Number of protein chains: 2
Amino acid sequence: MSKVKARKFLKGQFVVQQGDVCKTENFVLSGCLKTFHIDHEGQEHIVMLAIENWWTSDLGSYINQTPADFNVQCLENSEVAQILYEDLERLFVEIPKLERFFRIIIQKAFAAAQKRIVNNFSLPAKERYLKFREQYPQIEQRVPQYMIASYLGMTKEFLSKIRSQLIEEQ
Amino acid sequence: MSKVKARKFLKGQFVVQQGDVCKTENFVLSGCLKTFHIDHEGQEHIVMLAIENWWTSDLGSYINQTPADFNVQCLENSEVAQILYEDLERLFVEIPKLERFFRIIIQKAFAAAQKRIVNNFSLPAKERYLKFREQYPQIEQRVPQYMIASYLGMTKEFLSKIRSQLIEEQ
DNA sequence: CAATGATGTTAATCCAGATTAACTTCCTTT
DNA sequence: AAAGGAAGTTAATCTGGATTAACATCATTG
């Protein structure tokens, strides 16, 4: 009996909702999802954009089984492989190599998050965008521009301005 | 034969230097350390402040054994328990529970980093400072104010202004 | 105890990026 | 093909926080 279940979601559907407990770790089989937080002013802040072969969840909610700070929503019709918290923990005990696999993924994600924090402080908006573009060219084409602006921590208007500057430049 | 070696560092000494490969994972037995990046303009950006019982390293450099993006430097005389990359990986194979222990630590660190990214985008400087103060009161007292400003992504002058505002307010 | 360096403050000026708002495409759906 | 909504653009104005610079305080160390 497999502990992993593939589940289909339509564009717009939520895999995790802010306030709920995140019960599953999610592996994207197909499609595209955004992880975001809604602040007190109702503004959306995207922390992650996930496409095929990415893991996504509200890890903080998942590991402590506490209410989520983040939403995970499908930007396209998507298929997601899901595994429940208890099942994954049990599998880690049974299969140490699986736990190793996850440890390594999370280490990389953490190292990337630290670099992102520094970049957000040290690079101006235009350079953050250029860096994003070269790092995730696949994502840029699939996701609306205003969401990329949110991921990069700037307004859609300002990203639009940057882009028209870049076109002028060359 | 223990694979973990305690090592003493004087205030100002570097445990990791930007450009070198980070060979050890470091557990702070006593003292206080900062992890920071120097950008092209020579500006320092602090990503982490570590005191007793914290782990610190340049994880990206450590896991890939590539040149470090970060420096780790002692802010006080410190004692650090160090374990070499190969030794720790070997221990993980021998002792699955140790690997579990590390996986969980890193999951928490990653979840915290994601929240920090959102806070940096959604909260103004004053609220980031207030949040920091309640989250890490111990650290605030041990570390010079201009380093806290750097950790929070603002200038020392602005943090000074915020603090004098807060004093006026009550 | 001078002197030097590290830390912190205050105030004036400046600017990257936010906000606002009006307009344009381009899809969808009917 | 009209109508409504999502996405993107442009330009004017505004502001949180940076920059600059002068000064204050306090530890160290010679």
Side-chain angles (χ1 to χ4, degrees), chain A residues 10-13 32 34 36 38-46 49 73-77 117-133 139-169, chain B residues 10-13 32 34 36 38-46 49 73-77 117-133 139-169:
Chain A
L10 294 175
K11 179 175 175 174
Q13 280 194 301
C32 181
K34 66 173 169 178
F36 63 102
I38 301 286
D39 69 21
H40 358 276
E41 267 116 53
Q43 277 233 286
E44 172 173 322
H45 300 276
I46 296 179
L49 292 164
Q73 188 183 17
C74 298
L75 302 179
E76 304 171 1
N77 296 341
I117 288 169
V118 169
N119 284 340
N120 289 343
F121 285 152
S122 61
L123 301 179
K126 190 195 244 177
E127 295 189 34
R128 292 205 305 277
Y129 172 60
L130 289 171
K131 195 159 232 172
F132 172 82
R133 236 171 41 162
I139 293 182
E140 209 202 351
Q141 272 128 28
R142 283 170 78 164
V143 173
Q145 203 172 296
Y146 74 90
M147 292 189 192
I148 290 167
S150 170
Y151 176 84
L152 293 172
M154 64 189 81
T155 59
K156 54 191 157 61
E157 292 85 355
F158 197 65
L159 179 54
S160 177
K161 191 177 181 179
I162 286 169
R163 284 170 49 93
S164 69
Q165 272 175 26
L166 287 170
I167 290 162
E168 277 174 18
E169 274 173 24
Chain B
L10 294 174
K11 179 176 175 173
Q13 279 193 301
C32 181
K34 66 172 169 178
F36 63 102
I38 301 286
D39 69 22
H40 0 275
E41 267 115 54
Q43 278 233 286
E44 173 174 320
H45 300 277
I46 296 180
L49 292 164
Q73 188 183 16
C74 297
L75 302 179
E76 305 171 2
N77 295 341
I117 287 169
V118 170
N119 284 339
N120 289 343
F121 284 153
S122 62
L123 301 179
K126 189 195 248 180
E127 295 189 33
R128 292 203 307 276
Y129 172 60
L130 289 172
K131 195 158 230 172
F132 172 82
R133 236 172 41 163
I139 293 181
E140 209 202 351
Q141 270 128 29
R142 283 169 79 163
V143 173
Q145 203 172 296
Y146 74 90
M147 291 189 193
I148 290 168
S150 171
Y151 176 84
L152 292 172
M154 64 189 80
T155 59
K156 53 189 157 57
E157 292 85 354
F158 197 66
L159 179 53
S160 178
K161 192 176 181 180
I162 286 169
R163 283 169 51 91
S164 68
Q165 274 174 26
L166 288 171
I167 291 162
E168 276 174 18
E169 275 173 24

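What you see is a predicted model, and the numbers here were worked out from it, not measured in a lab. All heavy atoms count here, side chains included; hydrogens, waters and symmetry mates do not. Per chain, numbering begins at 1; letters A, B, ... match sequence-line order.
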What is the distance, rounded to the nearest whole Å, between atom [atom1] of [X] and atom [atom2] of [N]?
{"X": "A:Leu75", "N": "D:dA7", "atom1": "CG", "atom2": "C1'", "answer": "14 Å"}
{"X": "B:Arg163", "N": "C:dT10", "atom1": "CZ", "atom2": "C1'", "answer": "15 Å"}
{"X": "B:Phe121", "N": "C:dG17", "atom1": "CZ", "atom2": "C1'", "answer": "13 Å"}
{"X": "B:Leu159", "N": "D:dG16", "atom1": "CG", "atom2": "P", "answer": "17 Å"}
{"X": "B:Ile162", "N": "D:dT15", "atom1": "CD1", "atom2": "C1'", "answer": "15 Å"}
{"X": "A:Leu166", "N": "D:dT9", "atom1": "CG", "atom2": "C1'", "answer": "15 Å"}
{"X": "B:Gln165", "N": "C:dT10", "atom1": "CD", "atom2": "P", "answer": "11 Å"}
{"X": "A:Tyr129", "N": "C:dG17", "atom1": "OH", "atom2": "C1'", "answer": "17 Å"}

For the pair B:Arg133 and B:Leu130, evaluate side chain to side chain contact (heavy atoms under 4.5 Å, CB included) and give the outcome as yes or no after the intermediate values.
CA-CA 5 Å; B:Arg133 236 172 41 163; B:Leu130 289 172; 3.9 Å; yes
Can you sort out the partners of B:Glu169 under side chain to side chain donor-acceptor pair (under 3.5 Å), two or more places apart, ordered by chain and number?
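Applying side chain to side chain donor-acceptor pair (under 3.5 Å) to B:Glu169 gives B:Lys126.
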Report the residues that fulfil salt bridge (charged side-chain N to carboxylate O under 4.0 Å, His left out) with B:Glu168, sequence neighbours left out, ordered by chain and then residue number.
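For B:Glu168, no residue satisfies salt bridge (charged side-chain N to carboxylate O under 4.0 Å, His left out) once neighbours in sequence are set aside.
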Residues from residues 139-153 of chain B sitting under 4.0 Å of DNA chain D, heavy atoms only?
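The answer is B:Gly153.
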Residue pair [X] / [Y], side-chain heavy-atom distance below 4.5 Å:
{"X": "A:Glu140", "Y": "A:Leu49", "value": "no"}
{"X": "B:Val143", "Y": "B:Lys34", "value": "no"}
{"X": "B:Arg163", "Y": "B:Tyr129", "value": "yes"}

Between B:Phe158 and A:Ser164, who's closer to the 5' end of DNA chain D by nearest nucleotide?
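The residue closer to the strand's 5' end, by nearest nucleotide, is A:Ser164.
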Going from CZ on B:Arg128 to CG on B:Asn119, what distance comes out if it is rounded to the nearest 0.5 angstrom?
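Rounded to the nearest 0.5 Å, the CZ-CG separation comes to 9.0 Å.
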Hey, could you give me the OG/CD distance between B:Ser122 and B:Glu127, rounded to the nearest 0.5 Å?
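Result: 8.5 Å between the selected atoms.
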At under 4.0 Å, does any side-chain N or O of A:Thr155 touch on OP1 or OP2 of C:dA18?
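The answer is yes; a side-chain N or O of A:Thr155 sits under 4.0 Å from OP1 or OP2.
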Scan the side chains in residues 150-161 of chain B for donor-acceptor partners under 3.5 Å anywhere in the protein, sequence neighbours excluded, and list what turns up.
residue: B:Ser150; atom: OG; partner: B:Glu44; partner atom: O; Å: 3.4
residue: B:Ser150; atom: OG; partner: B:Ile46; partner atom: N; Å: 3.0
residue: B:Thr155; atom: OG1; partner: B:Phe158; partner atom: N; Å: 3.2

What nitrogen or oxygen pairs link the protein and nucleotides 20-28 of chain D at under 3.5 Å?
none

Looking only at atom types and distance, does a side-chain atom of A:Asp39 sit under 3.5 Å from a main-chain N or O of A:Gln43, one as donor and one as acceptor?
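Checking the backbone N and O of A:Gln43 against the side chain of A:Asp39, a donor-acceptor pair under 3.5 Å is found.
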Donor-acceptor pair, distance only, cut-off 3.5 Å: does the side chain of B:Asn77 make one with the backbone of B:Leu10?
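Such a contact is absent between B:Asn77 side chain and B:Leu10 backbone.
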Can you list, in residue-number order, the parts of residues 38-46 of chain B that come under 4.0 Å of DNA chain C, counting heavy atoms only?
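Here the set is empty: none.
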